[in-house]
Q: 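Starting off with a structure, shown below.
Side chains are part of it too, since the values below use all heavy atoms of this structure and drop only hydrogens, waters and symmetry mates. Indexing begins at 1, ligand by ligand and atom by atom, following the structure's order.
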Amino acid sequence: MTQLFELPAAVTAPVAGEQHGFPVRRIFCVGRNYAEHAREMGKDPERDPPFFFTKWAETVVFDGTTVPYPQKTGNFHYEAELVVAIGQSGRNLSREEALDHVYGYATGLDMTRRDLQLEARSSGRPWDTGKNVEASSPLGLIHPAAASGHPETGAIRMRVNGEVRQSADLADLIWPVADILVFLSGLYRIEPGDLVYTGTPAGVGAVVEGDELRVEIDGLTAVNVRVGPPAA
Ligand code: MN
């Protein structure tokens, strides 16, 4: 059947050393995956199983983008994160096989309407309007694991206007990537094109129009975005 109108093509992410792009299918995000951040959010960092929320693929934007300051918030936050790009389908993966399903890794930001997220959290409602926000998932260049391996340690840093606001190590992840994929693939069949934002360290904070945001992770390419005026 022909369609009444055409939908936009899949968002396609650039890949280091590769002329073909990585088509983005779905976005899964891990909540509270660094103990210090769990504490700053007023939660106990006990090693509870990881929990997930999702964002639309179309929230992905790339290096150099101006992210519009979203509607209905006065507390728009940065969250610097390691992002896992899935390359192979799988359900109920074991820890041993999990990393075979990873295509690569990138720097990323899980931009959040913190006021709406916290309101939702305290009233037991879904986080969607706090988290699944237009242009809220900046993503850096994807580095294929085949070339650069699977990062287990290395500095992760968030800079706002050059100043370091978050600084941690990937070794501080409560649930490392393989464990995240064991849990996630127990809930859904993960698919090529899926992205997993793995959680943010302590030091989250609000941004204002004009701020320059930069996420650095050792061995990966930094991602830079600017906060712009509200979208039309
Ligand atoms: Mn996050």
Q: Under 3.5 Å, is there a donor-acceptor pair linking the side chains of D169 and T153?
A: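 Short answer, no.
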Q: When you check the space around the Mn ion (ligand 1), which protein N, O or S atoms turn up under 2.8 Å?
A: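 Near the Mn ion (ligand 1), the protein supplies E79 OE1, E81 OE2, D110 OD2.
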Q: Between T200 and Q166, do the side chains contain an N or O donor and an N or O acceptor separated by less than 3.5 Å?
A: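 Present: a donor and an acceptor within the cut-off.
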Q: Within the 3.5 Å criterion, strictly below it, is a donor on T198 or E81 matched to an acceptor on the partner's side chain?
A: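 Not at all, the side chains of T198 and E81 share no donor-acceptor pair under 3.5 Å.
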Q: So among Y188, W56, F53, which one has a ring pair (Phe, Tyr, Trp, His ring centres under 6.0 Å) with F28?
A: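 Going through Y188, W56, F53 one by one, the ring pair (Phe, Tyr, Trp, His ring centres under 6.0 Å) with F28 is satisfied by Y188 alone.
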Q: So do the side chains of K131 and E79 get within less than 4.5 Å of each other, counting heavy atoms only?
A: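 Yes, close enough: below the 4.5 Å cut-off.
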Q: Just checking W127 against F51, ring centres under 6.0 Å apart?
A: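 When the ring centroids of W127 and F51 are compared, they turn out to be within the sub-6.0 Å range.
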